[in-house]
2 protein chains.
Amino acid sequence: MGRRRPGTPTLEEVAARAGVGRGTVSRVINNAAGVKESTRRAVRRAIEELEYVPNLAARSLAGRRADAVALVVTEPDWRSFAEPFFSEIVRSLGDALSDTGMQLLLTLVRSDAERQRFLEYARGGRVDGVLLLSVRAGDRLPDMLAEARLPTVLLGRRSGEEYVSYVDADNIGGARSAVSQLLRQGRRVVATITGPLDMYAAQCRLRGYQEALTLAGLEGEQTLVAESDFTAESGRRAMAELIERHPDIDGVLAASDTTAAGALEALRAAGRRVPEDVAVIGFDDFPLAQRTTPRLSTVRQPIEEIGRAMVRLLLEEMEEGAVAWRHVILRTELVLREST
Amino acid sequence: MGRRRPGTPTLEEVAARAGVGRGTVSRVINNAAGVKESTRRAVRRAIEELEYVPNLAARSLAGRRADAVALVVTEPDWRSFAEPFFSEIVRSLGDALSDTGMQLLLTLVRSDAERQRFLEYARGGRVDGVLLLSVRAGDRLPDMLAEARLPTVLLGRRSGEEYVSYVDADNIGGARSAVSQLLRQGRRVVATITGPLDMYAAQCRLRGYQEALTLAGLEGEQTLVAESDFTAESGRRAMAELIERHPDIDGVLAASDTTAAGALEALRAAGRRVPEDVAVIGFDDFPLAQRTTPRLSTVRQPIEEIGRAMVRLLLEEMEEGAVAWRHVILRTELVLREST
DNA sequence: GTGAAAGCGCTAACAA
DNA sequence: TTGTTAGCGCTTTCAC
């Protein structure tokens, strides 16, 4: 399958044509210093004439590097794949990576077979590092990558005891300040639509919600909590349930902007006015969702920062040969808009 | 950066430990025939004990294959990245590829620099083939890949004269039958919300729309056509425009289910009842959009088939060494639901 | 059925 | 500044 065309010129042929040694050609294509300008030009011409393209397998083998990093999306995250949050993260990672000269490779891991295949791919040296998105609590993939000593950075911890390098947002603090704000406004029956509770981030946001209630001397009620999976549809369902159980709800903290948008729809369908009757605050902040529901208040996660930080940690680990794990927790910011 | 751990065992060490030659180990890890069962077992044990993992760069170099294919998303498609259609396509491609043992690598190409980097990556032999999504009319990437004799398959033609291998849906026929159906129902003022008109697929659908009108002895009006970019938001805008221009609209063919959903919202906002006052038919068919707007009629594109066909064409090209281009046009199906 | 040997095309260290 | 050389770890004949 797919053998390369035999006629492909090699570095050696380029060297012959340019009348120099292979080492010199190698230096030129790698922009290494220490080559006379005239030689460099001669080599460049030979490259053009032969339409030479370096063989990356050979380069990897000799140079022990792949010049590529993988961004892995595992099955449970699949639905978020279609969410703006996800595409924004990918965009920001692409930006952050763009001047490193490394290829960003997005890989989907949906079955155990695919998980295995990816592991072989990564351990086989096809990538220099791995970025993982919002891994579930029980996922062992990060451990296996760490064992193989592959530089690995998670977006979001799996638990409070996460050791593998990660970048996370201050979920507890963000949720707490959002709910405190609602209470400060005089809202009294504040509910929350959580994310999937097998994600640590969702647990943290729930904890922040509860802390804010406690701080205000209120008691959290189980029936004021409903779970979603970050989609608008699940937000709609969760909100409908909550209204059913507590017709007097006047404030909501939602798992994401998308969920919040769903919640808004459910509220309107139920005849509630927003924000007069009910105030809604979502989590995350990204252009697309804002475009759709511009009046939504949010706990903003700095997405550009997340991408930059993940790439920075990854590069650091690659640089030093994975001797230490690094953790970064980015602050969130409460952004209030009309609807609150 | 990212040098591999020095301690990594090689095939040679495995051979030594198992007391066999390197060739034998190679045969075992590649499941080649012609190895005595007892030898095979011995080699397997050595592999386990040493935790041996094959170096894929070396394998690529010697074997002239990458065992990976790239799925490229170019900038203008970026927004569709967040659309369910896109994730469904990726899912179906993943399924179709899953038993070939090849890695699916999703790559984003947003700038010319990234385009160049990807080209080097692909021509450098890191992938055995390339799948491209809905390429714009003027995009030269397919030509460059073809020139490099890389097996390449497009989803959607760039124009009627496309030569590079592609899988496409019968857009003209699908649009025509949808509009004919509307007219047959007695709808008289049928508008269309097109996709981006620099995409051949969008042009075809517009043509099908016009053909149906002509067939019915009607004359197409410029003002009954509005352009969208496949997003719900643009559908909303386009529909609002159309109603403004033609308050008597009673039928709409939309560029996609997502666009149709946006159109529905705009219609309802304008006080129109659907389908009593206005019937809407979208293009595409995928679970997520159907979940959101279950009552929408659609011109169904067989997504599973698309993935399968693309992978089949790619494998065929890889097999024979890219000596011919192949074209497949899949039929569409009109699926009527309540709202029509 | 198995071992030995000849590359695959490049980088990097060392000479010159 | 440049050429030479020794691998990188695997697949694949070709003998045995």
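Remember, predicted model here, so these are calculated numbers, not experimental data. Values below: all heavy atoms of this structure, side chains included; hydrogens, waters and symmetry mates excluded. All chains are named by letter (A, B, ...) in the order of the sequence lines, taking the proteins before the strands, and each is independently numbered beginning at 1.
The phosphate of D:dT11 (OP1 or OP2) has a side-chain N or O of B:R59 nearer than 4.0 angstrom.
Sorted by first and then second residue, the salt bridge (charged side-chain N to carboxylate O under 4.0 Å, His left out) pairs with a member in residues 51-60 of chain B form an empty list; sequence neighbours excluded.
A salt bridge is defined here as a Lys NZ or Arg NE, NH1 or NH2 lying under 4.0 Å from an Asp or Glu carboxylate O, and B:E48 with B:R45 fails to meet this definition. Under 4.0 Å is where a charged nitrogen must lie from a carboxylate oxygen, and between A:D139 and A:R136 no such pair does. A salt bridge does not link A:R65 to A:D128: none of the charged nitrogens lies less than 4.0 Å from a carboxylate oxygen.
Taking atom CG of A:L56 as the reference point, atom P of C:dC10 lies 9 Å away to the nearest angstrom. D:dG9 atom C1' lies 13 Å from atom CZ of A:R126, rounded to whole Å. For the pair A:L11 CG and D:dG3 C1', the interatomic distance rounds to 13 Å; values are reported in whole Å. Taking atom CZ of residue A:R64 and atom C1' of nucleotide D:dG7, one finds them 9 Å apart after rounding to whole Å. Note: CD (B:E120) to C1' (C:dC10) measures 15 Å, nearest angstrom. In this structure, B:N55 atom CG and D:dG7 atom C1' are separated by 13 Å, rounded to whole Å. C:dA6 atom C1' lies 13 Å from atom CG of B:L61, rounded to whole Å.
Paired with A:L314 under the rule side chain to side chain contact (heavy atoms under 4.5 Å, CB included), one option of A:V130, A:V69, A:L97 passes, and it is A:V69.
Residues B:R27 and A:R27 both approach DNA chain C. Their nearest nucleotides, taken by heavy-atom distance, put B:R27 toward the 5′ side.
Near DNA chain C, meaning a heavy atom under 4.0 Å away, the residues from residues 12-25 of chain A are A:R22, A:G23. Within residues 30-48 of chain A, the residues approached by DNA chain D to less than 4.0 Å at the level of any non-hydrogen atom are A:G34, A:V35, A:K36, A:T39, in residue-number order.
Between the side chains of A:S165 and A:E317, at least one donor N or O sits under 3.5 Å from an acceptor N or O. At a cut-off of 3.5 Å, with distance as the only test, a side-chain donor of B:S60 or A:R126 sits close to an acceptor on the other residue. Donor-acceptor pairing under 3.5 Å is lacking for the side chains of B:T8 and A:R123.
Direction change of the helix axis from one end of the helix from C:dG1-D:dC16 to C:dA16-D:dT1 to the other is 30°, with five pairs defining each end axis (rounded to 10°).
Aromatic ring pairs are classed by plane angle as parallel below 30°, tilted from 30° to 60° and perpendicular above 60°; the pair A:Y166 and A:H327 is parallel.
Using a 4.0 Å heavy-atom criterion, one finds that B:S26 contacts the bases of the nucleic acid, with or without backbone contacts as well.
With sequence neighbours excluded, the residues satisfying salt bridge (charged side-chain N to carboxylate O under 4.0 Å, His left out) with A:R326 are A:E316, A:E320. Under the salt bridge (charged side-chain N to carboxylate O under 4.0 Å, His left out) criterion, A:E13 pairs with no residue, sequence neighbours left out.
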